[in-house]
2 protein chains.
Amino acid sequence: MTIKTAAQVLFDQWQAGNVLAPDCPSRAILQHLTSRWGALVMVALAMGPHRFSGLRRQVRGISERMLAQTLQELEADGFVLRTAHAVVPPHVDYELTDLGHEAANHLVPMIRWIEGAVPRIMAARMPKAAE
Amino acid sequence: MTIKTAAQVLFDQWQAGNVLAPDCPSRAILQHLTSRWGALVMVALAMGPHRFSGLRRQVRGISERMLAQTLQELEADGFVLRTAHAVVPPHVDYELTDLGHEAANHLVPMIRWIEGAVPRIMAARMPKAAE
DNA sequence: CATAATACTTACAAAATCGTGCGTACTTCC
DNA sequence: GGAAGTACGCACGATTTTGTAAGTATTATG
């Protein structure tokens, strides 16, 4: 193994849990959770288990492709659990894991705050940036 | 004006504060706040006021272009306050507004949770998806 | 007198993301 | 017997995002 100075070891540990560090995995996870559709799917699933087509109806505007892709990312990160029943026509259930619920406990209040703050934000919008 | 049924009015009001509705402004604001760089800039600013070049050093990996663009979005939404001092070389300070602090109060704990959850998430990662 | 520093802006190009449309295997409904 | 519903995968092109490099004005520094 290569030898590291104490400072380098400290630096690595600091990077391991710091989004501001470019190589920290937390950055990637943050992106999955807060991506255009990721956050909305999490909100929908926070309201209870759904199946694929149900999610499509809830998260209005999402395409099938994006929904499938988003669900796969969230599943890979361990936030959602996919349960496929071997029947025809297909029947697949999606629900949050424990980890997913923890994440949703942060995500959902934030989104609710935004929803409530919309009027204040619209009012605070810069009119035209006078000099 | 066009006449709306009671149901339509209710629907509009519901849409006005619902991220799951495609035209709700909250979706756009959510995007600015949770965009690739938006969230990281908010985290950096939550630690105190910074100037442009200071932010560039904090938020590692961001380009000047993206930092300028991100700051403009956050300023337009009323989350950050830009103060330019008329000196040469230029000196510009950025800090969170009250609205920005409220947002950061949701955003920062979520990111801290992610940073702490990284080990569990990495462990929960699907190995290869066995059938 | 050339360089560096600040806080950007603009132009250009590369890269990532996204939506649309099509196909699937089988059943139920009309 | 044709249509619809289910949960996707794939290919294609359009759109959006992002990075790189260069330029700007002025002063201080060597």
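So that the names make sense, note that chain A is the first sequence line, chain B the second, and so on, each numbered from 1.
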Under 4.0 angstrom between [X] side-chain N/O and [N] OP1 or OP2:
| X | N | answer |
| --- | --- | --- |
| B:Arg82 | C:dC8 | yes |
| B:Gln72 | C:dT9 | yes |
| A:Ser53 | D:dT6 | yes |
| A:Arg51 | D:dA7 | yes |

Exercise for the section: Take the angle between the ring planes of A:Trp113 and B:Phe79 and call it parallel below 30°, perpendicular above 60°, tilted in between. Expected result: tilted

Practice task
Could you check whether the rings of B:Phe52 and B:Tyr94 sit parallel, tilted or perpendicular, using 30° and 60° as the cut-offs?
Solution key: tilted

Just how far, in rounded Å, is [atom2] of [N] from [atom1] of [X]?
| X | N | atom1 | atom2 | value |
| --- | --- | --- | --- | --- |
| A:His85 | D:dA7 | NE2 | P | 10 Å |
| B:Arg56 | C:dT6 | CZ | P | 11 Å |
| A:Leu40 | C:dC18 | CG | C1' | 15 Å |
| A:Arg65 | C:dG21 | CZ | P | 14 Å |
| A:Arg36 | C:dC18 | CZ | P | 6 Å |
| B:Trp37 | D:dT16 | CH2 | C1' | 17 Å |
| A:His91 | D:dG5 | NE2 | P | 17 Å |
| B:Leu67 | C:dT10 | CG | P | 16 Å |

Handout entry: Side-chain donor/acceptor of B:His50 to backbone N/O of B:Gly48, under 3.5 Å
Key = yes

Problem - 5' priority, DNA chain C, between A:Pro90 and A:Met66 [closest heavy atom] - result: A:Met66

Problem - Given C:dT20, D:dA7, C:dT6, the nucleotide with the shortest approach to the side chain of B:Pro89 - result: C:dT6

Problem - Path from A:Leu81 to A:Val59 over hydrophobic side-chain contacts below 4.5 Å - result: no

Exercise for the section: Find which nucleotide of DNA chain D each of A:Phe52 and A:Val88 is nearest to by heavy atoms, and output the residue with the more 5' nucleotide. Expected result: A:Val88

